[in-house]
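The structure appears right after this line, and notes come after that.
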Protein chains: 4
Amino acid sequence: MPHGYSPKKGDIKARLNRIEGQVRGISKMVDEDKYCIDILTQISAVNSAMKKVAVGLLDDHMRHCVAGAASDEEKGAEMLREASAAIERLLKA
Amino acid sequence: MPHGYSPKKGDIKARLNRIEGQVRGISKMVDEDKYCIDILTQISAVNSAMKKVAVGLLDDHMRHCVAGAASDEEKGAEMLREASAAIERLLKA
Amino acid sequence: MPHGYSPKKGDIKARLNRIEGQVRGISKMVDEDKYCIDILTQISAVNSAMKKVAVGLLDDHMRHCVAGAASDEEKGAEMLREASAAIERLLKA
Amino acid sequence: MPHGYSPKKGDIKARLNRIEGQVRGISKMVDEDKYCIDILTQISAVNSAMKKVAVGLLDDHMRHCVAGAASDEEKGAEMLREASAAIERLLKA
């Protein structure tokens, strides 16, 4: 069974590739002794971008839970428990 | 004048390289249709690791502020204002 | 129609009352010129406690979405969109 | 020795009193079975307001560190270590 995020895969991949480039850029800034505050700004940008990817994945997951619950209530409930735990981890990360 | 984080540059670079690898790993997980909750766990790990880098940079920046303020009070105050603004951005990111 | 969190109302109320007391305690610490770092520790505790309440509410909301979607797909989808937006706001707050 | 935040005490107290009222309002919303998503919005507002108080306290603390370090370097360094630890806790809270 394909996962909930499959249709949006291209978009998610594009975001992650951009984030990877941002992290590499931060590494380069450190190499070049750029001003620390500017590096912190880039770190904030990466974390925001990561959270956007996370919200997109969660959204698809929840949609999948709802669809899944129609055919298998037990499985739907289990997926929701996992979603709540994932949200809790994200809120602390 | 070298920035506050220069002595720890190697450690910061190593952390950033690891984070870059983690982001690439997440991208691969999406490619391979891995379970969305497992991907969210990896995203939380990246954000936590990024925040650790940020705290390290901030710590060095503040140390530098204190040292700088001894010779130039105006400059020290400006650096602290920037640090506060950076902390505020991080807390929202 | 009662909301998803109704059965747990007592637990949520107890947590919120405790948080209200914590905020009042922080106010008192400021009055008494307590050490700023100790106040920051209390602020972190309040925000963590608030996020726990939020995760509990979200969990119930999602459960409700799933149940609701069984009888009204359109409504279920709308509730999920709201949940995603709420998660996004929490992650920035 | 008065703490760094003393001059701004009135402003901080006013913010905390407002937050206390917001938490009480959230408790009332739960009592009245308000829509969960609206409650989550209020929780996000409380956490944002709390973080603003935290940034204000940190800003004063850092200013104090700088001033303190002029007369006692050891003490200034210790205060900075505490500030970094407090920032790390806030970023996870």
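Letters go in sequence order (proteins before strands), and every chain restarts at 1. Reckoned from all heavy atoms, side chains included, excluding hydrogens, waters and symmetry mates. Predicted model only: the values in this text are computed from it and were never measured.
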Flag the pair Ile87(A) / Met62(C) as yes when at least one side-chain heavy-atom distance between them is below 4.5 Å, and no otherwise.
yes

First locate atom SG of Cys65(A), then atom CZ of Arg63(C), and finally report the distance between them rounded to the nearest 0.5 Å.
10.0 Å

Pick whichever of Leu90(A), Leu58(A), Leu91(A), Asp59(A) has the most heavy-atom pairs under 4.5 Å with chain C.
Leu91(A)

Considering residues, nucleotides and ligands other than Glu78(A), do more than 12 of their heavy atoms fall under 6.0 Å from its CD?
yes

Tell me whether the count of non-hydrogen atoms from other residues, nucleotides or ligands lying under 6.0 Å of NZ in Lys13(A) goes above 12.
yes

Interface moiety of Leu80(A) toward chain C, non-hydrogen atoms closer than 4.5 Å
both

